[in-house]
Amino acid sequence: MTMYAYKGRNRAGEQIDGLLEAEHAEAVADYLIERNIMPLDIVPHVAKVSVIDQLNDMLRPKRVPLVDLIFFTRQMYTLLKAGVPIIQALQGLRESTPSEVLARVIGEIRDSLDAGDSLSIALNKHREVFSTLYVSLIEVGEASGTLVESFGKLSSYLELERETRSRIKSALRYPMIVVGVIVIAMFVINLFVIPAFAKVFDRFQADLPLPTQILIGVSQFTQHYWYLMILAMIGIVHALRRYVATEQGRMNWDRYKLKIPAIGAVLHRATLGRFALAMSISIRSGVHWRQAMTVVSHAVDNVYVGQLIIRMRDEVERGSTIAHAAMLTGQFPSMVLQMISVGEQTGSLDELLNEVAEYYEREVDYKLKNLSAAIEPLLLAFVGGMVLILALGVFLPMWDLGKAAMAK
C-alpha cells in the first residue's frame, strides 16, 4: 500500500485535497469519484520532515488502542445526540481523553474542521486510527444527515470487535503459557539436569544408546552456544515479522492462520462474522454495495479474505448475485449462502447479513468455549513426546547400569 496525495473539486467547485493509502493511483481516483469529487492530481506522497521531527515521531506512540477509539466514538455519539456542536464536542473530548495520541489526533481533526474540511475528510487524514469503514460511514452520515446514527452504529461495531478480540486472546492465553513453560523447562533440563546424568555415565564408562547420545549432544550444544540459540530465535522472529510486513508475506500469513488446527476455525468464523456485520452496517447506512465491498475488504483485518471480497465485488459487477459470488469464494457454508440469497430476493440484505453476523458470533462463542478441550490433546501429545524422549535418553542407560550392577 502506498500513500497518495490527491487534489480534486467537489460539485460546489471547492478544491479538496488530502492523503489516502491505496494500492495504486486508480484506486484513489475511484475512491474520489464515488464521493462525487473530480480528481485533478494524484501523486505518491513523500513526507518532508526534519531529523528532529523524525526522532520525535519515532519516540512518541502512534497507535490508538481500540478501547480509546471506542471511548471517542461513544462520546461523540452521546454529545452529538445531545445537540452539542461538533467543534465543541471535539474540544471537550480532547481535554478529557486519557490517551496522549488520541488527544493529538482529535486536536488535528478540530484544526481541519476549522480550515473548512468535512469531518470525513479530517478523519481520512488519520488512517492509522480511523479505518476505511469508519470514514465511509461518517461520510454517508454527513451526506444523509444521520451523523449521530453513524457514530452509534460504529460504537456498537467497535465494542463487538473488542469483545471478540478479547475472547480470542483469553482462549489462547492458556496454550501459550503451557508452550512457554515447556520451552523454559527444556532449557533448564539441557543446562542443568542432563549434564548431571552425563557425569554419572562418564564415571561408569557405559555404552550409551542413541537417544542418550542425542540428548547429551543437544545439552552440550546448549551449554556452549546458548547465546547463539537466543540470537537465532530473535533473528527468526524478526525475519518473520519483516516478511509478514510485506504484501505477499501478509497474504500468506493471513491464509495460513485460518488453517491452524483448532485455532484457525475460530479465526475464520470471526473474520466472516466481521465481514457480515460490516456489510450489514454499510448497506443499512446507505453505502452503495460496490463501495461497501471495497470498504469491508479492509475492515475484515485479513488480507486473504479481503482479496476474496474484492473478487466477490468484481463477480457481482459482471452480473452475478452476491450469493453466487460468495459461493465461488468457498468460504461460506450453504446455510449462510441461502440466507444471503433470500436477503437479495426480498430486498432485506442488510437484515439477513446482520443475522449471519449473529450466527457467526454464536459459532465463535461456541468454538471458544470448546477451544481448550480441542487444544488439550495436542498439548498432551507434545508434552508426552518430550517426556518419552527424556525417559528413553536418561533412564535406558540407568536401567542398563542397574542390571550390570546386579549381575556383579
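Basis for what follows: all heavy atoms, side chains included, without hydrogens, waters or symmetry-related copies.
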Give a yes-or-no answer on whether the side chains of [X] and [Y] include a donor-acceptor pair shorter than 3.5 Å.
X: R313; Y: T294; value: yes
X: S120; Y: S118; value: yes
X: N252; Y: Y304; value: no
X: S334; Y: Q338; value: no

- Message: Within a 6.0 Å radius of atom OH on Y366, are there more than 12 heavy atoms belonging to other residues, nucleotides or ligands?
- Response: no

- Task: Using a cut-off of 6.0 Å, state whether more than 12 heavy atoms not belonging to F187 lie near its atom CZ.
- Result: yes

Flag side-chain contact, heavy atom, 4.5 Å: [X] against [Y]:
X: L337; Y: H324; value: no
X: L93; Y: L79; value: yes
X: P39; Y: V28; value: no
X: R173; Y: I177; value: yes
X: T73; Y: Y157; value: no
X: D301; Y: T271; value: no
X: L154; Y: I138; value: yes
X: I236; Y: L240; value: yes

For [X] and [Y], which heavy atoms make the closest approach, and how far apart are they?
X: Y359; Y: P333; result: OH-CG, 4.5 Å
X: A325; Y: V316; result: CB-CG2, 3.9 Å
X: R274; Y: V300; result: NH1-O, 2.7 Å
X: D68; Y: V64; result: CB-CG1, 3.8 Å
X: V295; Y: S136; result: CG2-OG, 3.1 Å
X: I194; Y: S219; result: CG2-CB, 3.7 Å

Would you confirm whether [X], through its side chain, and [Y], through its main-chain N or O, come within 3.5 Å as a donor-acceptor pair?
X: S112; Y: A122; value: no
X: E344; Y: A323; value: yes
X: E142; Y: L119; value: yes
X: T97; Y: R94; value: no
X: T78; Y: R74; value: yes
X: S150; Y: T146; value: yes
X: S155; Y: F151; value: no
X: S282; Y: A278; value: yes
X: H268; Y: G264; value: no
X: S280; Y: A276; value: no

- Is the F332-F275 ring centre distance short of 6.0 angstrom? yes

- For the pair Q307 and S297, evaluate side chain to side chain contact (heavy atoms under 4.5 Å, CB included) and give the outcome as yes or no after the intermediate values. CA-CA 7 Å; Q307 288 297 317; S297 67; over 6 Å; no

- Message: Does L353 form a side chain to side chain contact (heavy atoms under 4.5 Å, CB included) with L277? I'd like the steps, not just the answer.
- Response: CA-CA 7 Å; L353 283 172; L277 181 60; over 6 Å; no

Check [Y] with [X], please: is the shortest side-chain N to carboxylate O separation under 4.0 Å?
X: K153; Y: E149; value: no
X: E108; Y: R104; value: yes
X: R167; Y: D365; value: yes
X: R250; Y: D254; value: yes
X: D41; Y: K7; value: no
X: E159; Y: R162; value: no
X: R269; Y: E361; value: no

Roughly how far, to the nearest 0.5 Å, is the [atom2] atom of [Y] from the [atom1] atom of [X]?
X: L349; Y: N354; atom1: CG; atom2: CG; result: 11.0 Å
X: L328; Y: S320; atom1: CG; atom2: OG; result: 6.0 Å
X: E161; Y: S156; atom1: CD; atom2: OG; result: 13.0 Å
X: M312; Y: M279; atom1: CE; atom2: CE; result: 6.5 Å
X: H126; Y: Y134; atom1: NE2; atom2: OH; result: 12.5 Å
X: R284; Y: L137; atom1: CZ; atom2: CG; result: 11.5 Å

- Would you please test D314 and R318 for salt bridge (charged side-chain N to carboxylate O under 4.0 Å, His left out) and show each step? CA-CA 6 Å; D314 296 340; R318 287 192 286 267; 5.5 Å; no

- Between E139 and L123, does a side chain to side chain contact (heavy atoms under 4.5 Å, CB included) hold up when you go through it step by step? CA-CA 10 Å; E139 183 181 19; L123 295 178; over 6 Å; no

- Task: Please report the C-alpha distance between F72 and Y77 in whole Å, then the side-chain angles of each, then the deciding distance to 0.1 Å, and finally whether the ring-ring contact (aromatic ring centres under 6.0 Å, His included) criterion is met.
- Result: CA-CA 9 Å; F72 168 80; Y77 168 74; over 10 Å; no

- Begin with the C-alpha distance, continue with both residues' side-chain angles, and end with the deciding distance and a verdict on side chain to side chain contact (heavy atoms under 4.5 Å, CB included) for V129 and V101. CA-CA 10 Å; V129 178; V101 181; 5.5 Å; no

